[in-house]
Q: 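Following this message is one structure expressed as structure tokens.
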Amino acid sequence: AKTLERQVASNQIAYKIESRPESADLQQLNILDARTAPSLQSTKRMLERQVCADAVGQFLDFRPSQDQLKDAGVLRDSAMCKSLAATAHSLSKEMAKDSVKSHLERRPSVEQLRHTGVVAEDPMAIAPSIQGRRKSLERKIASNQISSLLVDRADPEELHEQNPNLLKYPSIAPSVQSKVDELDKNLKRSSLNLLLQERPPPGLMVQMGLMDPANLVPGQHPQGYADELMLDERTKFAVLLKASKTLLDMQQLDARAHATLKNLIIDYDMRVMAAVEVFEADEDYEEMLDTLHRIANHASVQ
């Protein structure tokens with residue numbers, strides 16, 4: 001009996017071996033891979049399954065949460081009764097449909113779109129489906145033209161050399177030049193206001209010979225302006241230097257005496273300052289010149 005069983009099994013194996021498909025048929029059915037050795041194909045398939053498993057696991061790790069899916073409308077709210085979920089979903093769709101219909105009714109007409117430049121003047125010349133592409137190309141062409149002009153534009157230094165008035169500050173960015181120019185004007189304006197505040201009054205300028213009495217405004221007179229002649233230290237210094245120059249021009253002082261008088265003025269000599277204070281009180285310019293002449297001659301002899 002055992003011999004018979006072995007014979008039957010042997011016949012079955014022989015039949016299956018004879019009826020098994022050829023390797024070409026197995027390759028055509030994607031069962032065998034012609035590029036991989038048969039001994040490695042099982043390992044290859046196992047590795048492929050492992051790669052797929054890893055990819056699926058990665059996608060599962062990054063999949064959106066239920067709240068995100070609900071917000072996106074992919075999942076319905078599970079808190080709602082199932083019998084009402086379908087009705088709520090249908091109602092939501094109807095509301096969205098009504099909203100779209102309302103927007104469509106309020107949309108501008110073709111003439112309005114054409115007037116605002118959204119639609120081309122001759123919509124029949126260009127198909128509506130490619131009008132957006134046309135505008136995109138036009139913007140790209142304009143952008144390329146601007147880029148070309150920016151590349152070929154002259155440097156600020158070259159512009160300044162060609163026209164010095166074009167860029168006042170070539171070393172400063174053009175975007176802030178207006179601010180710098182405004183700041184420079186404000187500084188000049190403040191400096192001018194300070195100089196105007198410190199300028200001597202008309203009466204003193206006439207006494208010093210800096211102003212012609214004929215140029216005085218009616219009502220102004222070189223005398224009787226004691227309140228205008230309250231001199232500050234800087235003005236006193238200017239009056240004394242002008243007086244020393246006047247004495248030199250009148251040849252009442254030689255170069256040595258003139259230098260001595262200037263040194264006394266710079267050192268704020270008490271005698272010199274007293275002379276200008278007396279002038280401030282009595283407005284007698286000739287008297288001050290005589291006093292300075294005596295002080296200079298006396299100091300130059302010592």
Side-chain angles (χ1 to χ4, degrees), residues 157 160-172 177-302:
E157 292 77 6
H160 185 68
E161 292 177 359
Q162 296 174 2
N163 186 0
N165 296 325
L166 188 60
L167 291 177
K168 290 186 177 180
Y169 314 99
S171 60
I172 299 177
Q177 287 206 12
S178 60
K179 296 293 184 181
V180 175
D181 188 41
E182 182 180 356
L183 179 60
D184 184 54
K185 289 180 180 179
N186 291 334
L187 290 175
K188 290 180 179 178
R189 188 180 297 111
S190 300
S191 177
L192 180 59
N193 291 334
L194 181 62
L195 293 175
L196 290 175
Q197 292 175 3
E198 295 179 351
R199 67 178 178 178
L204 177 60
M205 296 178 67
V206 172
Q207 291 285 345
M208 297 172 60
L210 299 176
M211 185 176 183
D212 188 353
N215 295 329
L216 288 174
V217 177
Q220 290 182 335
H221 195 273
Q223 302 296 332
Y225 275 79
D227 55 339
E228 290 186 358
L229 295 179
M230 297 300 293
L231 308 179
D232 57 13
E233 294 297 326
R234 183 177 298 182
T235 306
K236 290 178 181 179
F237 187 75
V239 170
L240 291 170
L241 290 178
K242 175 63 178 178
S244 67
K245 182 67 168 57
T246 301
L247 291 173
L248 180 63
D249 294 340
M250 296 171 59
Q251 297 183 356
Q252 293 186 15
L253 293 179
D254 55 14
R256 179 181 178 184
H258 179 255
T260 302
L261 180 58
K262 286 183 63 177
N263 290 333
L264 293 174
I265 295 171
I266 294 173
D267 294 337
Y268 284 89
D269 183 78
M270 295 180 60
R271 297 167 294 176
V272 174
M273 300 307 296
V276 75
E277 289 174 1
V278 172
F279 165 70
E280 182 181 0
D282 59 16
E283 305 179 19
D284 193 340
Y285 192 67
E286 296 296 333
E287 179 66 25
M288 185 184 66
L289 290 177
D290 183 66
T291 303
L292 294 176
H293 176 260
R294 294 173 183 274
I295 294 172
N297 287 334
H298 183 267
S300 60
V301 173
Q302 293 180 351

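The residues of the chain are indexed from 1 along the displayed sequence. Quick caveat, the model's predicted, so the values are computed rather than measured.
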Q: Taking the side chain as everything from C-beta on, heavy atoms only, tell me whether Val278 gets closer than 4.5 Å to Met288.
A: no

Q: Nearest 0.5 Å, what's the CD-CZ distance between Glu286 and Phe279?
A: 10.5 Å

Q: Name the one of Leu292, Thr246, Leu261 that satisfies side-chain contact (heavy atoms from CB on, under 4.5 Å) with Leu253?
A: Leu261

Q: Just verifying a value: how many Å separate Leu264 CG and Ser300 OG, rounded to the nearest 0.5 Å?
A: 9.5 Å

Q: Tell me, do Tyr285 and Lys242 make a side-chain contact under 4.5 Å, heavy atoms counted?
A: yes

Q: Where is the tightest heavy-atom contact between Met273 and Leu240, given as atom of each residue plus distance?
A: SD-CD1, 4.0 Å

Q: Calculate, to the nearest 0.5 Å, the distance between atoms CZ and CG belonging to Arg256 and Asn297 respectively.
A: 11.0 Å

Q: Within a strict 4.5 Å, meaning less than it, do heavy atoms of the Asn186 and Glu182 side chains meet?
A: yes

Q: Testing the basics here: between His258 and Ser244, what is the closest heavy-atom pair and its distance to 0.1 Å?
A: CD2-O, 3.3 Å

Q: On a heavy-atom basis, which atom in Ala299 and which in Thr260 lie closest, and how many Å separate them?
A: CB-CG2, 3.6 Å

Q: Work out which heavy atom in Phe237 is nearest to a heavy atom in Ile266; give both atom names and the distance.
A: CE1-CA, 4.1 Å

Q: Measure the CG-CD distance between Asp249 and Gln251 for me, rounded to the nearest 0.5 Å.
A: 9.0 Å

Q: In plain terms, say whether Asp269 and Arg271 are close enough for a salt bridge, that is, a side-chain N and a carboxylate O under 4.0 Å apart.
A: yes

Q: Which value, rounded to the nearest 0.5 Å, describes the distance between Gln252 atom CD and Arg294 atom CZ?
A: 11.0 Å

Q: In Å and rounded to the nearest 0.5 Å, what is the CD to CG distance from Glu287 to Leu289?
A: 9.5 Å

